[in-house]
Structure formats: C-alpha cells, structure tokens
Amino acid sequence: MIRFQVLGPVKMWVKDAQVDLGPKRQRSVLAVLLTEAVEPVPLRSLIDRVWGDTPPDQARNVAYTYIARLRRILAEATDRTGTPVALHRDDVGYRLSIASDQVDLHQFRCMVKRARMLPADAPERRSVLDGALRLWQGEALADLDNEWAVLFRSNLLQLRQETLAEWADAELRAGEWDQVIEDLRQELMKAPMAELLHERLVRALYASGRRAEALVQYEVVRQAIADELGADPGPDLQELHRTILRGDPLPAPGRSSPQPCQRGCRGSKRTRAHSPSGQPPLPGKPRYGTDRP
C-alpha cells in the first residue's frame, strides 16, 4: 500500500513505513503534482509554484534533478509493493500516475461531495463528514512555506471550515450538542474569525439549553468582527441572534447543495488531529520553457 499526505506535512508511506522525500523544494515539487491529481503540470508552472519570484540559477536543471529523484523514489515503492506509481511526462507537462484514493486530499474532496449527495438527516452523512475531517493531520502542506503553498493552504482551510460547519449541522440534527461545542471551541482557538463556525457554536449552545452562553458567544464574535473588519456579523448570524432573544425554537440546520462524487474515491476512518476544488492562483507569470529531461 502506497499513501500520500498533503493535509498536514507532505509525507509518503510505503507499507506503513514513512519514506524520506528529500529537501523542502523537492517535497514542494511532489506536493504540486499531488494536488493536481491527473492533470499534467507544465514545467514553467511547476517552477513558478515551487520557487515563486526567487528561482535559482539553472532552475530547469534543478527541477529536473528533483524530478529524477522522485521518479527513483516512486520506482522503489512500486518494486516493494507491486502497486504501480510513476511520474510521467507528456507534451503538456508532468503528471503522477496514482489512484485518487492514495492521496488524502482527493479522498477528502470526494467524501465531502459524497456527503452532500445524501439527505440532510441521513446517519451516513454524519459519518462520512466525520471521516473526511479525520484525514486532516494539521495544516495542509504544513512543512512548505513558498507563496503557492501559502495560497493553497488558505483555500483549503476555507473548504475545511465549510466541511466542519456541515458536520456540525449534521450532529446538531442528531442532538449531539456537546461534541459540536467541544470541537468548534477548539477550532475557533485556531481560527477566531471563522464566522461560519461561530454561528454553529451559538446554535449548539442555544440548542443545548445554554441560552446565556449563546448570547455571550454572539457578543464575542460581533465584537471581534467589529474590531477586525469594522462590520457587523452576517445576516444568518444576526437572524440566529434575534431568534435567541425571542426565545423561539431553532429552524433546522442548513446544508450545502449536493455535488456529484468523482469516480475512484473511497471512504476513510478519522483520527482527529478540513479553494475548494480549484487550485489557487499561481504567483507571478510563467518564465521558463518546457525543455525536459
């Protein structure tokens, strides 16, 4: 079994043994290819993503060296497991030949899409969203700090928070308030401006009979948004606040529109340590030709 991780530090396992992927820039090359799934990446785009505006002299030759080393790593993994994995070059660019369920990011995206196809009150929806969130082992690309990685990490954080909000909605439908409160409070310590999560926390507190705490939590987020952005909370959070003030029952939690699941994706079990489907914009413009080794 060969597995790759980008929802955390970039890692690779072969038969449950972690593989040395080399220096940071070499891991960056692999990360770019892993996040693109089956789409080829032109050499000039690969260089831009890995080095941004500060490429080394002879950047293409350095990239070729990293690609050659990664090919050796993948060939050794194939020999040890019998599972074919490879790094190919075609007329467009470089592409990894691996199954989508070997990469945690593609598993995550597929599980989220699968959950969104299910009825809002389906028990399976809760478990699928829970499994998707358990794939995360820290910040995405946590060991990379180039401009592309920072942008990609920010976009994925948004998708993770949306997924966490959908998980919270599913849990609240099932009356699991305490778990939602605990998990959202932990998450908001890392992302204090995530209004989507504040809304679910306020809802969970009120649903569990803790009206005073819900009102305090609303004031916390209202003040934070005012101080940071000079604005008011969004309409959903404001309407929730009015509902609590009136003492009215809560409406059923919302949900995202269903999206079809891509083929080849499978479920996963979670060990909690989260742009959406598209890649983030590339820093700078391509500067290099497409010569190849």
Side-chain angles (χ1 to χ4, degrees), residues 1-14 16-43 45-52 63-78 81 83-90 92-113 132 135-157 159-160 262-266 268 273-283:
M1 178 63 178
I2 301 172
R3 297 182 293 116
F4 298 90
Q5 172 182 290
V6 294
L7 301 180
V10 179
K11 293 182 180 181
M12 173 183 175
W13 290 272
V14 176
D16 295 324
Q18 188 173 333
V19 175
D20 182 1
L21 294 174
K24 182 183 294 186
R25 297 298 184 188
Q26 184 169 305
R27 299 196 304 275
S28 293
V29 171
L30 178 61
V32 170
L33 297 170
L34 288 171
T35 58
E36 283 288 358
V38 298
E39 295 298 324
V41 180
L43 178 62
S45 295
L46 188 63
I47 291 172
D48 276 345
R49 297 186 195 192
V50 172
W51 283 283
Y64 295 154
T65 298
Y66 289 154
I67 289 166
R69 292 175 182 173
L70 290 171
R71 281 174 166 159
R72 287 196 294 271
I73 291 171
L74 296 176
E76 291 173 3
T78 296
T81 64
T83 301
V85 291
L87 202 173
H88 297 296
R89 178 71 167 87
D90 60 23
V92 177
Y94 292 94
R95 175 180 56 83
L96 285 172
S97 176
I98 56 177
S100 60
D101 62 358
Q102 291 178 284
V103 185
D104 58 358
L105 171 61
H106 307 311
Q107 282 186 285
F108 173 74
R109 284 175 168 159
C110 184
M111 293 174 76
V112 171
K113 290 179 180 180
L135 292 170
W136 286 73
Q137 301 298 313
E139 289 189 336
L141 308 178
D143 54 333
L144 305 182
D145 56 8
N146 55 40
E147 186 177 357
W148 168 81
V150 171
L151 289 170
F152 194 85
R153 181 158 52 242
S154 176
N155 287 342
L156 278 182
L157 177 61
L159 178 58
R160 183 184 187 278
Q262 297 174 347
R263 295 177 58 188
C265 300
R266 300 175 186 171
S268 171
H274 352 62
S275 148
S277 56
Q279 299 289 344
L282 296 180

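With H88 contributing its side chain and G93 its backbone, the two residues share no donor-acceptor pair below 3.5 Å. With R95 contributing its side chain and L87 its backbone, the two residues share no donor-acceptor pair below 3.5 Å. Side-chain atoms of Q26 never come within 3.5 Å of backbone atoms of R69 as a donor-acceptor pair (strictly under, hydrogens ignored). A donor-acceptor pair is defined here as one N or O able to donate and one able to accept, closer than 3.5 Å; such a pair exists between the side chain of D104 and the backbone of V6. Under a 3.5 Å cut-off, the side chain of S100 and the backbone N or O of H106 do not form any donor-acceptor pair. For the pair R25 (side chain) and V50 (backbone), a donor-acceptor distance under 3.5 Å is present. Remark: side-chain polar atoms of S45 are not paired, donor with acceptor, to backbone N or O of V41 under 3.5 angstrom. Q102 contributes a side-chain N or O that, together with a main-chain N or O of A99, makes up a donor-acceptor pair within less than 3.5 Å. Side chain of S154 to main chain of L151: no donor-acceptor pair is present (N/O by atom type, distance under 3.5 Å, no hydrogens or angles).
Note that the CD1 atom of I73 and the CD1 atom of I2 stand 12.0 Å from one another [nearest 0.5 Å]. Taken to the nearest 0.5 Å, the OH atom of Y94 stands 4.0 Å off from the CD1 atom of I67. Expressed to the nearest 0.5 Å, how far CD of Q18 lies from CE of M12 amounts to 10.5 Å. How far CG of L70 is from CG of L96: 8.0 Å, rounded to the nearest 0.5 Å. Rounded to the nearest 0.5 angstrom, R49 CZ and N146 CG are separated by 11.0 Å. One distance of note links CG of L34 with CD of Q5; it measures 11.0 Å at 0.5 Å rounding.
Salt-bridge formation is detected for the pair D16/R3: a Lys NZ or Arg NE/NH1/NH2 atom is positioned less than 4.0 Å from an Asp or Glu carboxylate oxygen. K11 and D143 are not joined by a salt bridge, as no carboxylate oxygen comes within less than 4.0 angstrom of a charged side-chain nitrogen. One finds no salt bridge joining R71 and E76 here, because no Lys/Arg side-chain nitrogen approaches an Asp/Glu carboxylate oxygen to under 4.0 Å.
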Quiz item: Given V103 and F108, is the side-chain contact (heavy atoms from CB on, under 4.5 Å) satisfied, shown in steps?
Solution: CA-CA 9 Å; V103 185; F108 173 74; over 6 Å; no
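When side chains are defined from C-beta on, L141 counts as touching W148, because their heavy atoms get closer than 4.5 Å. Counting heavy atoms from C-beta outward, V19 and W13 have side chains that stay 4.5 Å or more apart. For the pair L21 and V10, the minimum side-chain heavy-atom distance is below 4.5 Å. Between L156 and L105, the closest side-chain pair of non-hydrogen atoms falls below 4.5 Å. Counting only heavy atoms from C-beta outward, the side chains of S28 and Y66 never approach each other to under 4.5 Å.
Across A63 and I47, no two heavy atoms sit closer than the pair CB-CG1, 4.3 Å.
With sequence neighbours left out, the side chain to side chain contact (heavy atoms under 4.5 Å, CB included) criterion links E139 to A142, R153.
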